[in-house]
There are 2 protein chains.
Amino acid sequence: MARTPTTTDVFNAVAEASRRDLLDALGSGEATVGELAERLGLSQPTVSKHLGVLRAVGVVHVRVDGKHRWYRLNGPALKPIHDWVRTFERTWNTRLDRLDDLLAELHSQEKKQS
Amino acid sequence: MARTPTTTDVFNAVAEASRRDLLDALGSGEATVGELAERLGLSQPTVSKHLGVLRAVGVVHVRVDGKHRWYRLNGPALKPIHDWVRTFERTWNTRLDRLDDLLAELHSQEKKQS
DNA sequence: ACATCATATTCCCATATGGGAATGTGTCAA
DNA sequence: TTGACACATTCCCATATGGGAATATGATGT
């Protein structure tokens with residue numbers, strides 16, 4: 001087999017740095033292919049192809065307007081990544097460690113009650 | 001150019017589902033190549049190679065012990081992913097949604113307890 | 001020294017990649 | 001209709017992939 005296609009899921013789509021840059025750029029609102037190409041210093045076909053990948057996994061949506069195409073971010077499509085990486089957050093985030101402590105405390109209280 | 005090598009950064013390393021599975025498996029503690037291979041139903045060379053990629057980007061560490069090799073998770077190496085995806089969190093998580101998530105989590109934890 | 005166990009490494013191949021260049025498609029204005 | 005514009009698509013190629021099979025490495029026990 002070969003490497004997992006970029007359009008398989010959000011993880012693969014977002015692995016490419018240029019595509020993360022595109023999403024970052026779209027964070028401030030809708031944008032046109034040309035605008036994005038100029039902002040990121042990429043060629044138009046390159047941007048179009050990257051946006052195609054991002055659209056395939058649902059992380060961007062398009063709005064057609066005459067000869068323009070307005071791309072916009074669809075944040076919730078990134079949630080799987082957030083949810084996955086969040087399960088490891090306790091290994092570096094002390095604030096969440098405290099949340100764990102709180103949960104543990106709640107659980108011990110539950111045990112006492114039941 | 002070709003696709004960005006898997007050992008370029010954590011984003012690329014973690015794009016492959018099998019490697020995420022490996023990290024999930026290591027979440028419960030150290031493990032041996034053989035153990036991981038059996039748990040995930042992968043061949044030994046496949047696991048070794050995946051672990052090599054994960055080690056290259058620093059998301060796992062190894063401890064040599066005789067003819068065994070104990071791999072362990074190095075969570076903080078995942079922080080760049082967390083930091084990046086977190087900038088989009090507002091697009092799906094309002095403050096109230098977060099409270100819902102917390103409550104849901106508490107409930108699922110309760111179920112696990114009882 | 002030897003056999004065995006646990007891993008790592010190499011060789012193989014079908015497959016997909018990202019980027020450049022060129023071309024296709026659809027829209028608008030005159 | 002014709003041209004200009006904004007994008008999408010196609011064709012090209014060097015490059016890396018993941019997995020299977022085979023082999024190498026290295027430590028342990030006898």
Side-chain angles (χ1 to χ4, degrees), chain A residues 1-26 29-72, chain B residues 1-26 29-72:
Chain A
M1 265 181 214
R3 191 165 171 184
T4 310
T6 54
T7 54
T8 301
D9 54 39
V10 200
F11 289 90
N12 283 277
V14 156
E16 178 76 17
S18 305
R19 282 190 292 261
R20 289 198 302 278
D21 293 342
L22 281 169
L23 294 180
D24 289 339
L26 288 174
E30 281 186 334
T32 275
V33 177
E35 289 177 8
L36 293 169
E38 199 199 1
R39 271 208 256 169
L40 302 188
L42 300 174
S43 77
Q44 175 264 310
T46 295
V47 172
S48 275
K49 282 183 258 184
H50 281 321
L51 288 173
V53 173
L54 294 175
R55 195 163 59 84
V57 299
V59 76
V60 299
H61 288 159
V62 209
R63 180 172 61 88
V64 180
D65 170 36
K67 44 184 171 181
H68 292 262
R69 241 131 162 131
W70 294 91
Y71 282 86
R72 69 178 179 282
Chain B
M1 267 184 214
R3 193 167 171 185
T4 312
T6 54
T7 53
T8 301
D9 53 39
V10 201
F11 289 91
N12 284 276
V14 155
E16 178 76 16
S18 306
R19 282 192 289 263
R20 289 198 301 279
D21 292 342
L22 281 169
L23 293 180
D24 289 340
L26 288 175
E30 281 186 332
T32 276
V33 176
E35 290 176 11
L36 293 168
E38 199 199 2
R39 272 207 256 169
L40 302 188
L42 300 174
S43 77
Q44 175 265 310
T46 295
V47 172
S48 275
K49 281 182 260 183
H50 281 320
L51 288 173
V53 172
L54 294 174
R55 196 163 58 84
V57 298
V59 75
V60 299
H61 288 160
V62 209
R63 179 172 61 89
V64 180
D65 169 36
K67 47 183 170 184
H68 292 264
R69 242 134 163 129
W70 294 91
Y71 282 86
R72 69 178 179 283

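The sequence lines fix the lettering, A, B, ..., with proteins before strands; numbering per chain opens at 1.
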N or O in side chain of Thr32(B) less than 4.0 angstrom from dT7(C) OP1/OP2: yes
Protein-nucleotide distance (Trp70(A), atom CH2; dC7(D), atom P), rounded to Å: 8 Å
Check: Asp21(B) side chain, Asp24(B) main-chain N or O, donor-acceptor pair, under 3.5 Å: no
Closest-nucleotide ordering on DNA chain D, the 5'-leading residue of Met1(A) and Glu35(A): Glu35(A)
Protein-nucleotide distance (Arg19(B), atom CZ; dG19(D), atom C1'), rounded to Å: 12 Å
Selection from dT17(C), dG20(C), dG19(D) that lies nearest to any side-chain heavy atom of Ala2(B): dT17(C)
Touch class at under 4.0 angstrom, heavy-atom based, for Thr46(B) against every strand present: sugar-phosphate
Rounded distance in Å - CG (Leu22(A)) to P (dC7(D)): 13 Å
Nearest-Å distance for atom pair NZ/C1', residues Lys67(A) and dA8(D): 16 Å
Short side-chain N/O contact to dA6(D) OP1/OP2 from Tyr71(A), under 4.0 Å: no
Integer-rounded Å distance: dA6(D) P and Leu51(A) CG: 16 Å
Candidate nucleotides dA8(C), dC7(D), dA22(C), ranked by approach to the side chain of Gln44(A) - the nearest: dC7(D)
Side chains of Val33(A) and Leu51(A) in contact at under 4.5 Å (non-hydrogen atoms): yes
Closest-nucleotide 5' rank along DNA chain D - winner of Leu42(B) and Thr4(B): Thr4(B)
Val14(A) side chain near Val59(A) side chain, heavy-atom distance below 4.5 Å: no
side-chain N/O Arg69(B) vs dG26(D) OP1/OP2, d < 4.0 Å: no
Nearest-angstrom distance from the residue atom NZ of Lys49(B) to P of dA24(D): 16 Å
Given dT17(C), dA16(D), dA8(C), the nucleotide with the shortest approach to the side chain of Pro5(B): dA16(D)
Contact nearer the 5' end of DNA chain C, comparing Ser43(A) with His68(B): His68(B)
Between dC5(D) (P) and Glu38(A) (CD): distance, integer Å: 15 Å
Any Arg3(B) side-chain nitrogen or oxygen under 4.0 Å from OP1 or OP2 of dT15(D): no
Flag side-chain contact, heavy atom, 4.5 Å: Val47(A) against Arg39(A): no
Length of the line joining His50(B):NE2 and dT9(C):C1', which is rounded to integer Å: 15 Å
Beyond-backbone contact of Thr6(A) with Glu16(A), side-chain heavy atoms, under 4.5 angstrom: no
Heavy-atom donor-acceptor pair, Asn12(B) side chain to Ala15(A) backbone, under 3.5 Å: yes
5' priority, DNA chain C, between Asp65(A) and Thr7(A) [closest heavy atom]: Thr7(A)
Thr6(B) vs dT17(D): side-chain N/O to OP1/OP2 distance below 4.0 Å: yes
